[in-house]
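All values below were derived from every heavy atom in this structure, side-chain atoms included, with hydrogens, water molecules and symmetry-related copies excluded. Read the numbers this way: they start at 1 and go in the same order the structure lists the ligands and their atoms.
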Amino acid sequence: MRRTQAEIYLENFRNNINQIKKQLKPGVKTCVAVKANAYGHGAVRISRECKELGVDFLAVAAVSEAEELRNNGVDLPILALSICSPAEIPELVKNKTIPLVCDAEFITLLDHILDSYTPEELENYHENKGRFTVHLAVDTGMGRIGCFPENALELAKLISGSKHLVLGGMCTHFAVSDSTQEFDREYTDRQFERFNFAVDSVKNAGINPGIRHCCASAALVDHPQWQMDMVRPGIIAYGYYADQINREYLASKGIEFNLKPVMALVSAVCAVRPFDKGMSVSYGHTWTAQKDTEIAVITAGYGDGLLRRFAPFIKASINSKEYTISGRICMDQCMIEIGKNNPDVKRWDKVVLFGPEESGALCDAQYLADKTGTISYEILTGITSRVPRVYL
Ligand SMILES: *Cc1c(COP(=O)(O)O)cnc(C)c1O
């Protein structure tokens, strides 16, 4: 038993990818988001699994993430979702990564820099021989990256008139597609219309828009008619629903969609210590023994991603029994009152902090997210690099 590890239930990941595939119209490609270390699950192993499962594309944020995948033999097409800087262009080329572009300055600079490569060197997508593929991002209302819909045609022309580039796709991203509120749904409808306007303007000018994609996790299940040529699921692949587009909501629409959490955060009891009535635990002494008792010291803390604000809510599972954390979570440890002569807790026992049912966990990341005012994404991504990922 290691001090703390993230156990990755690959069988659940496979279940989730298959659940996603069942939602797709024939011919729709999948681009699984493996950014931020595959939402904390380990990007290399998850990417390999994606390949086995017939996923078509991987999405990263930074070029450095693409580099890690390429260095580990991952050969699927990779899309980089964040804007990359001019300094990163050589890495983009070296790692055969498809960037999102959204402005004339970058497109022109990119085409110019590509002059110093051979056609073989700059090819980053097998379908576009000898050319460098880019996807044009359109901002239809997310307010993040992308050109405005009315500028899409001008940029598509710049790309198709360039020496080395080819427009391999067009995409947009929804801001409130994970909400079931009527007001938000209407906003998402408008975004989809604006995206279609941009795509049509390009098409009508005789330019192939390439792979059109707009749906992340929420929209691909809630708006199947918008899947276009490709979808970009992230969180659902890791077993959590996209906010309000949850199991109950989908079931009410007659959509059966059963996800299973993939990660369990597991730690260990490193000591069992007697505590007299009146002795206090941890920084700030926020917890004091009300009677003679025993404390189990657990080797997980916020340095592992077990955030301080989880303390009142964690339902730690030791040998299937539920325990709460006593006092503040430290960087590397936390403490649990187990009571005197507890036959169920021994030194070196396993402690499951959150995860899927089959891990023995008594709560999952969604529960902790709801209790602490965040989303499951942040909790999973927050599991730090010192926590070994163990694949089951
Ligand atoms: C992260 C991201 C996704 C995946 O989002 P989920 O909500 O996790 O499905 C898709 N597209 C873009 C542009 C993203 O940044």
Below 4.0 Å, non-hydrogen atoms only: which portion of Ser217 touches ligand 1? Side chain, backbone, both or neither.
both

By the salt bridge (Lys or Arg N to Asp or Glu O under 4.0 Å) test, which pairs, at least two apart or in different chains, include something from residues 93-112?
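Matches after skipping sequence neighbours: Glu67-Lys94.
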
What I'd like to find out is whether the side chain of Thr324 reaches to under 4.5 Å of the side chain of Ile336, using heavy atoms alone.
no

May I ask you to identify the nearest protein heavy atom to [atom], giving residue, atom name and distance to one decimal place in Å?
atom	value
atom 1 (C) of ligand 1	Lys35 NZ, 1.3 Å
atom 11 (N) of ligand 1	Arg232 NE, 2.8 Å
atom 7 (O) of ligand 1	Tyr377 OH, 2.7 Å
atom 8 (O) of ligand 1	Tyr39 OH, 2.5 Å
atom 13 (C) of ligand 1	His173 ND1, 3.6 Å

Please verify whether a non-hydrogen atom of Arg144 lies at under 4.0 Å from ligand 1.
yes

contact_flag Ala242 ligand 1 heavy-atom lt 4.0 Å:
no

Carefully, step by step, assess Gln227 and Gln225 under the rule side chain to side chain donor-acceptor pair (under 3.5 Å).
CA-CA 6 Å; Gln227 290 169 358; Gln225 70 282 13; over 6 Å; no

In Å and rounded to the nearest 0.5 Å, what is the [atom1] to [atom2] distance from [X] to [Y]?
X	Y	atom1	atom2	value
Asp304	Ile298	CG	CD1	12.0 Å
Leu306	Ile314	CG	CD1	5.0 Å
Leu122	Ser116	CG	OG	9.0 Å

Is there a nitrogen or oxygen of Leu81 sitting under 3.5 Å from a nitrogen or oxygen of ligand 1?
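Such a contact does not occur with ligand 1.
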
Consider every N or O of Ala216 and every N or O of ligand 1, then say whether any pair is closer than 3.5 Å.
no

State yes or no: are the ring centers of Phe174 and Trp226 separated by less than 6.0 Å?
yes

